[in-house]
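Note that the coordinates shown come from a computational prediction; the quantities given were computed from them, not determined experimentally.
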Protein chains: 2
Amino acid sequence: MNEAKKDNTEEKILNAAQTVFTQKGMDGTRMQEIADEAGINKALLHYYFRSKQKLFEAIFSKVFSQIFPDIKSLIYSEKPIDEKLGVFIEKYIDLLMRNPFLPTFILKEVNRDPEFLASVIKKQGINPADILQLLEKEMEKGQIRKMDPRDLMINILSLSIFPFASRPLMQIMFFSNDKKAYKEFLVQRKETVKSFVLNSILLK
Amino acid sequence: MNEAKKDNTEEKILNAAQTVFTQKGMDGTRMQEIADEAGINKALLHYYFRSKQKLFEAIFSKVFSQIFPDIKSLIYSEKPIDEKLGVFIEKYIDLLMRNPFLPTFILKEVNRDPEFLASVIKKQGINPADILQLLEKEMEKGQIRKMDPRDLMINILSLSIFPFASRPLMQIMFFSNDKKAYKEFLVQRKETVKSFVLNSILLK
DNA sequence: AAAAAGTTTAACCATCTGGTTAAATTTAAC
DNA sequence: GTTAAATTTAACCAGATGGTTAAACTTTTT
């Protein structure tokens, strides 16, 4: 039957499911709420996705793949290391600005069901070895300070992601709950994180 | 009646509730599981704490107060700023080593119910202005690089907390899911985070 | 020993929730 | 226009869950 319409409904469901799941997590999400958000009824929802678990797995995989931006084009470019890292940080924070619920969602679900996480990582063939190798090479060349490259990688991720994951807390604690001010703060972090990191690791 | 026994049971309940709530969150926790963990029955659980909500609020407040270590003694000490920050980072990571579920729990619940968070912060009279002021003074003195003190504060928290909150993910991605290796990594971060931060901000 | 509080047992209730079903209706394909 | 798929409607089911209740038993207080 109508492929276009089918696709459309399926897409509507996936979008709705992502909206609700990423904001409320697996435990906090109700199938009825996804149906409402998609503008359809519960029966049709189960007609497309047999169970909540199946739907959740589809969403998690989709979202998880999003949090790994196209690193490869960066790694194999000819730019100097400081520029590479700078672009990475900018792109990553940009990604989170567009998807502010991703960090909390991933952290929540990753802790709830680590086994499923492992299967997703395996299935998606994610491999961070390349970037660690790149960092190590730059350390040997004397471009950046010698350290465990995993520390450096995790530091960059921490500085980029945590302010999003802890948004309500930081907003109250340091910005008098001023939503706009905190958003502006996050935008500027594209620059402040960059210089914080580079000041720490760049030699000469 | 027996105050000691009463206290003991109440304490058993609170401990059990903290164990379950911090690992599974409000949504994922079942009252029956708390009763089991405490070694009592559900009726007695409700006899002590009228509702799940009440019990949760008690636990959240208790846990939340724990994530703010005694900063005051540090701020008003005579140590130089690099030492102050170093001790803070060490103590904070130590705290998280002893309570590895705190970060995820706080992040999860803070995002689920920000209004309640605000009320807890107000009730506990938490005020980060002191530490921001201290940082600003050191910048003026030329001890550390000039920057938004909120950035510096949030950077330190990010570097300390995020590796705990993202534990299952980082463990798989960068440590082949080797639990022991990741734990050792976290222990060493007391030093690596310290030097990462100080290398970035310390002048001369 | 009597009274009071602590605790258990077990049944019970109302509600929510994921999921199913069947029949009716609409929409698109042929 | 017939057929098949897409969608709605509405009722239903089973299990889980937060919470209650009442009666019995135990422990501590007095």
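The side chain of B/Tyr47 sits closest to C/dA5 out of C/dA5, C/dT8, D/dT8. Of the listed nucleotides (C/dA5, D/dT7, C/dG19), D/dT7 has the atom at the smallest distance from the side chain of A/Thr9.
Here A/Tyr48 does not reach the OP1 or OP2 of D/dA6: none of its side-chain N or O atoms lies under 4.0 Å away.
At least one side-chain heavy atom of A/Arg167 sits less than 4.5 Å from a side-chain heavy atom of A/Lys183.
Distance CD1 (A/Ile13) to C1' (D/dT7): 11 Å, rounded to an integer number of Å. Distance CD1 (B/Ile40) to P (D/dC25): 21 Å, rounded to an integer number of Å. Separating the NE2 atom of A/His46 from the C1' atom of C/dG18 is a distance of 5 Å, rounded to the nearest angstrom. One interatomic measurement links the two molecules: CD of A/Glu33 to C1' of C/dC16, which rounds to 14 Å at whole-angstrom precision. Put simply, CD on B/Gln32 is 15 Å from P on D/dT20, counting in whole angstrom units. A/Glu10 has its CD atom 10 Å from the P atom of D/dT7, to the nearest Å. Whole-Å rounding puts the A/Arg50 CZ to C/dT20 P distance at 9 Å. Between the CZ atom of A/Phe49 and the C1' atom of C/dT20 there is a distance of 18 Å, rounded to whole Å.
For the pair B/Arg112 and B/Phe105, the cation-pi test (distance below 6.0 Å, angle within 45°) is failed.
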Test log, rule side-chain contact (heavy atoms from CB on, under 4.5 Å), inputs B/Glu10 and B/Phe49: CA-CA 9 Å; B/Glu10 196 168 323; B/Phe49 292 86; 4.2 Å; yes

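Under the side-chain hydrogen bond (donor to acceptor under 3.5 Å, both in side chains) test applied with A/Glu90, the options A/Lys194, A/Lys190, A/Arg189 reduce to a single match, A/Lys194. Each of A/Glu37, A/Lys62, A/Gln23 was scored for a side-chain hydrogen bond (donor to acceptor under 3.5 Å, both in side chains) with A/Gln18, with one residue passing: A/Lys62.
At a threshold of 4.0 Å, the pair A/Glu140-A/Lys146 does not count as salt-bridged, since none of the basic side-chain nitrogens sits closer than that to a carboxylate oxygen.
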Return the polar atom pairs (N/O with N/O) between nucleotides 9-17 of chain D and the protein under 3.5 Å, or none.
| residue | atom | partner | partner atom | Å |
| --- | --- | --- | --- | --- |
| D/dT17 | OP1 | B/Arg30 | NH1 | 2.8 |

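Judged by distance alone, the side chain of A/Glu109 and the main-chain N or O of A/Gly25 form no donor-acceptor pair under 3.5 Å.
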